[in-house]
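Step one of this worksheet: look at the structure below.
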Amino acid sequence: MADTLKALITAEEIAARIAELGRQIRADHPDDTITVIAVLKGSFIFLADLVRAIPGNVRVEFLGVASYHGGTHSSGAVQITQDLRSEIRGQVCLLVEDIVDTGLTMDYLLRMLEVRGPKVLKLVSLLDKPSNRETSVPVDYVGFTIPDEFVVGYGLDLGELYRNLPYVAVYSP
Ligand code: 5GP
């Protein structure tokens with residue numbers, strides 16, 4: 001197992017960047033309750049650290065999405081496995097994603113949520129792989145821009161494994 005994983009972003013680097021993101025997000029919306037919408041499953045660890053870095057009122061919602069079906073290449077097809085439990089009309093919403101790769105998943109989700117009438121809809125992604133983009137997506141807050149490699153850890157999986165790594169690693173078979 002160890003020889004297929006190469007550390008890319010350490011736990012310390014992730015923690016420091018999330019502290020900055022939390023401060024920036026609150027500074028951009030000083031007086032609002034922020035509805036944080038986590039895209040499952042990959043963003044669950046990022047979500048847990050990010051909400052604790054955002055001072056003030058935050059609500060948490062979950063959106064279940066399946067797009068990779070266990071492989072290392074995007075199928076392009078987005079399947080909603082769990083929808084939001086409450087209305088987002090008039091709310092300041094922050095969609096939380098683990099990684100934006102082709103952009104197809106986020107493009108789909110942003111369109112789907114926009115028609116529900118949020119006051120603000122922004123996107124934060126821990127990781128961004130801009131070199132692989134197939135559609136342009138406005139990522140308002142990016143943790144780290146990474147090269148076009150398949151990464152695992154800190155919530156990101158390969159066939160449901162590696163989510164528990166405390167850092168982000170490049171996986172090479
Ligand atoms: P996109 O639709 O932007 O191509 O892909 C978004 C989703 O694909 C992410 O939420 C994530 O689940 C998955 N994905 C994209 N790149 C990677 C990667 O390098 N590693 C892992 N584990 N998942 C990825």
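Start at 1 and go down the list; that is how both ligands and their atoms are numbered. Treat the numbers as computed from the prediction; the structure is a model and nothing was measured. We use all heavy atoms of the structure for the numbers below, so side chains are in, but hydrogens, waters and symmetry mates are not. Nothing fancy with the numbering, it's 1 onward along the sequence.
Between Q91 and T35, the side chains place a donor N or O and an acceptor N or O closer than 3.5 Å (distance only, hydrogens not considered).
The distance from ligand 1 to the heavy atoms of L156 drops below 4.0 Å at these ligand atoms: 20 (N), 21 (C), 22 (N), 23 (N). The distance from ligand 1 to the heavy atoms of K129 drops below 4.0 Å at these ligand atoms: 16 (N), 17 (C), 18 (C), 19 (O). If you number the atoms of ligand 1 from 1 as listed, the ones under 4.0 Å from a heavy atom of D157 come out as 21 (C), 22 (N). Close approach of ligand 1 to D98 (heavy-atom distance below 4.0 Å) involves ligand atoms 9 (C), 10 (O), 11 (C), 12 (O).
Taking a 4.0 Å cut-off on heavy atoms, G103 registers as neighbouring ligand 1. A heavy-atom separation below 4.0 Å is found between L104 and ligand 1. Assignment of E134 to the shell around ligand 1 is not supported, since no heavy atom sits closer than 4.0 Å.
At a heavy-atom distance under 4.0 Å, only backbone atoms of E149 (N, CA, C or O) approach ligand 1. Within the 4.0 Å heavy-atom criterion, neither part of M106 lies near ligand 1. Contacts between V78 and ligand 1, counted as non-hydrogen atom pairs separated by less than 4.0 Å, are absent for every part of the residue.
Y171 and Y162 have tilted rings, their planes meeting at an angle from 30° to 60° on a 0 to 90° scale.
When the side chain to side chain donor-acceptor pair (under 3.5 Å) test is applied to D83, the partners found at least two apart in sequence or on another chain are R116.
Heavy atoms from other residues, nucleotides or ligands lying under 6.0 Å from CZ of R26 number more than 12.
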Checking side-chain hydrogen bond (donor to acceptor under 3.5 Å, both in side chains) for the pair Y141/D28: CA distance, chi angles, key distance, verdict?
CA-CA 11 Å; Y141 307 99; D28 291 348; 2.7 Å; yes
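Distances between N or O atoms of V100 and those of ligand 1 include no value under 3.5 Å.
Screening residues 130-151 for salt bridge (charged side-chain N to carboxylate O under 4.0 Å, His left out) gives D128-R133 as the qualifying pairs, with residues at least two apart or on separate chains.
For the pair R111 and E114, the salt-bridge criterion is not met [side-chain N within less than 4.0 Å of a carboxylate O]. We find that D98 and K41 are not joined by a salt bridge, their nearest charged nitrogen and carboxylate oxygen being 4.0 Å or further apart.
By heavy-atom distance, the residue among V151, V170, L126 lying nearest atom 20 (N) of ligand 1 is V151.
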